Amino acid sequence: MRSLASIAVAIGTILPFCSAKSLSDIIYRDVAVIGGGASGAYAAVRIRDDFHKSIALIEKQDILGGMVDTYIDKKTGKTFDYGVQGFLNVSGATDFFARFNISIGSGSASPSLITEYIDFRTGEKVEFQPPSSAKQIAAISKFLKVIEPWESMLFPGYWNFPEPSDIPEDFLIPFGKFLTKYGLEDGAPIIYSSTGLGVGNMSEVATMFALQSFGWDMARALTGQMGLFTPTLGGNQALYNAVAKDLGDNVLYSSTVVNSHRTEKGVTLTVRNHKTKKDTVVHARRLLVAIEPTHENVKPLDLSSFESKTLSKFTYSNEYAGLVDNKVFNSSYYYFNLPSSAAPDNTLVYQEDPMVASFQYTGLNDLFRVMVIGNTTTTADEAKVLSQDSFNALLKAGRLSGSNENQELSWATFATHGAMHARVTVEQVKEGFFQDLYKLQGARSTWWTGGAFAANFQTQLWKFDEGLIPKILRGL
Ligand SMILES: Cc1cc2nc3c(=O)[nH]c(=O)nc-3n(C[C@H](O)[C@H](O)[C@H](O)COP(=O)(O)OP(=O)(O)OC[C@H]3O[C@@H](n4cnc5c(N)ncnc54)[C@H](O)[C@@H]3O)c2cc1C
Ligand SMILES: *[C@@H]1O[C@H](CO)[C@@H](O)[C@H](O)[C@H]1NC(C)=O
Ligand SMILES: *[C@@H]1O[C@H](CO)[C@@H](O)[C@H](O)[C@H]1NC(C)=O
Ligand SMILES: *[C@@H]1O[C@H](CO)[C@@H](O)[C@H](O)[C@H]1NC(C)=O
Ligand SMILES: *[C@@H]1O[C@H](CO)[C@@H](O)[C@H](O)[C@H]1NC(C)=O
Ligand SMILES: *[C@@H]1O[C@H](CO)[C@@H](O)[C@H](O)[C@H]1NC(C)=O
């Protein structure tokens, strides 16, 4: 008698000779959504459960939630969020938790740490003295007043982005100059260390992209005018696990689009599950793209030359985050990377990408959070090598306890956040880039959401989706 294993092998050898078509499922949906992160998962729930249209959500990984990364300690069940830290209380945001019965709170207090400024390239201490917290917060209040009149131009998306001749001059000057112009330099350290650090050289980037990476609601949150919350149990991933449960088999996991055909009447996508190798053909009347429109991501989307020409103008940073548990770190510390030129009090100089931004104690076991800001080409392997190099520099210079110079970083977990902070040059903005970008909305039955098309925070993207969904569903 043949064993089950040999039968399985026999079937395995037969399958490749069947035509791909006979093996693929064909499904029909009102809306196909690519990407199950913040923007895609939210839109999928709203469209299906509240607008009663059928959906298929195509997600590359085997869970939903994208840049949300919740580490769970196996022994105690305690969690630490090493990707997304919290949700801004943008109007309506709390409703999305309530509908899944997820209780929320202001988050557990993170440990208070001593920030030690070090040049991670050399391991040398940088005697940088930041402005007091009170001064930083006062500068953020002032910053908010300056930027308040422009909010609707960038938030929640670019629908009202001004024509080239009407763009505020301040949008296009380097952000360092902008801060200096309005006497806001004291706010720079908190802008940089919270969310500004991914945007390239924050002093040189055009102000509008710095505003995209920090902006109105972060300023409100830091000055106590807007709440920032997290689920009380299970970390931030708890939300997306609830979404996954709700959407059930409407999500195609471990899958990407490998081929597509898009017209004004609808779209046909060939979706491949990279684990089972099985294809599903999705016929949908509308497509919502909720991933960063990098070359790699949009290649299978049958782009027109206009779409391709427009989207290829974006450049990105690549971000990585992880947790390490080497005992030589001191749990009183937040080791923060700055160039020596920041001493004694220059708030406007930063380390060049690619770089490790920090090693920060998490409050959980021996775990330190590592943040890596890569340039347009930095890969996950390079990010790990860079982390090791920085670690070596700290060890060699005696910044850590023990003298073992050949210690490997011990990764408890590591996440690729990939391309972020989509931006273009000032020249391209002046040539009407954002007007061109929004011409893609709705063309060939395709709509676009996510970080490159709107303000790049979880709940701000939900707000952007709210405005987009009626447009997507018109005529369905
Ligand atoms: C370290 C870090 C900390 C952050 N902290 C906060 C915070 O505290 N608060 C906050 O509001 N925001 C935070 N952000 C920003 C926030 O995470 C983003 O704004 C948000 O995740 C962007 O949502 P998105 O839908 O555009 O993309 P994502 O959330 O990245 O989702 C994209 C999804 O698409 C999937 N995918 C990618 N490519 C494909 C493909 N080709 N086919 C199919 N699926 C694909 C991905 O696996 C992912 O699930 C943080 C970001 C980082 C990197
Ligand atoms: C939330 O709780 C209510 C009341 O207990 C219940 O009716 C509902 O089904 C729950 N929803 C989810 C998504 O669990
Ligand atoms: C969120 O904002 C709403 C409306 O302003 C408010 O009622 C609610 O208490 C806030 N919740 C949190 C957790 O910040
Ligand atoms: C960690 O740093 C604190 C604060 O500087 C210091 O008091 C403590 O001795 C250090 N611990 C170790 C193990 O070096
Ligand atoms: C970043 O920009 C500032 C201001 O233009 C400049 O002084 C600094 O050298 C730049 N840093 C890097 C690493 O390029
Ligand atoms: C990104 O960084 C690497 C390593 O420093 C460098 O070799 C590469 O040229 C950089 N790429 C870009 C596009 O700047």
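We count ligands from 1, going down the list as the structure has it; atoms in each ligand are counted the same way. What you are looking at is a predicted structure, and each value in this text was computed from that prediction instead of being measured.
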ask   = Are Asp62 and Lys275 ion-paired here, with the side-chain N under 4.0 Å from a carboxylate O?
value = yes
inquiry  = Looking at Lys278 and Asp25, is any side-chain nitrogen of the basic one under 4.0 Å from a carboxylate oxygen of the acidic one?
reply    = yes
Please round to the nearest 0.5 Å and tell me the distance separating atom [atom1] of [X] and atom [atom2] of [Y].
X     : Y      : atom1 : atom2 : value
Asn89 : Met226 : CG    : CE    : 6.5 Å
Asp30 : Arg285 : CG    : CZ    : 6.0 Å
Ser91 : Trp462 : OG    : CH2   : 12.0 Å

request  = Would you kindly say whether Gln129 and Tyr117 are connected by a side-chain donor-acceptor distance under 3.5 Å?
outcome  = no
Of all the atoms in ligand 6, which lie at a distance below 4.0 Å from a heavy atom belonging to [X]?
X      : result
Thr377 : 1 (C), 11 (N)
Thr376 : 13 (C)
Pro354 : 2 (O), 4 (C), 5 (O)

task = Mind telling me whether Phe453 and Trp448 have parallel, tilted or perpendicular rings, with 30° and 60° as the class edges?
result = parallel
query = Can you list the residues that meet the side-chain hydrogen bond (donor to acceptor under 3.5 Å, both in side chains) rule with Asp465, with sequence neighbours excluded?
reply = Thr449
ask   = Taking only residues two or more places apart in sequence or in another chain, which ones pass side-chain hydrogen bond (donor to acceptor under 3.5 Å, both in side chains) with Ser317?
value = Arg423
ask   = Under a 4.0 Å heavy-atom cut-off, which residues neighbour ligand 5?
value = Asn201, Ser203, Glu204, Tyr350, Glu352
inquiry  = Has Tyr350 got a side-chain atom pairing as donor or acceptor with Thr347's backbone, closer than 3.5 angstrom?
reply    = yes
message = For ligand 1, give me the residues whose heavy-atom distance to it is below 4.0 Å, by chain and number please.
response = Ile34, Gly35, Gly36, Gly37, Ala38, Ser39, Ile58, Glu59, Lys60, Gln61, Gly66, Met67, Gly83, Val84, Gln85, Gly86, Ser255, Thr256, Ala290, Ile291, Asn297, Glu319, Arg369, Met371, His417, Met420, Gly450, Gly451, Asn456, Phe457, Gln458, Leu461
Centroid-centroid distance, Phe434 to Tyr438, less than 6.0 Å = no
query = Should Thr378 be counted as touching ligand 6, given the test is an N or O pair under 3.5 Å?
reply = no
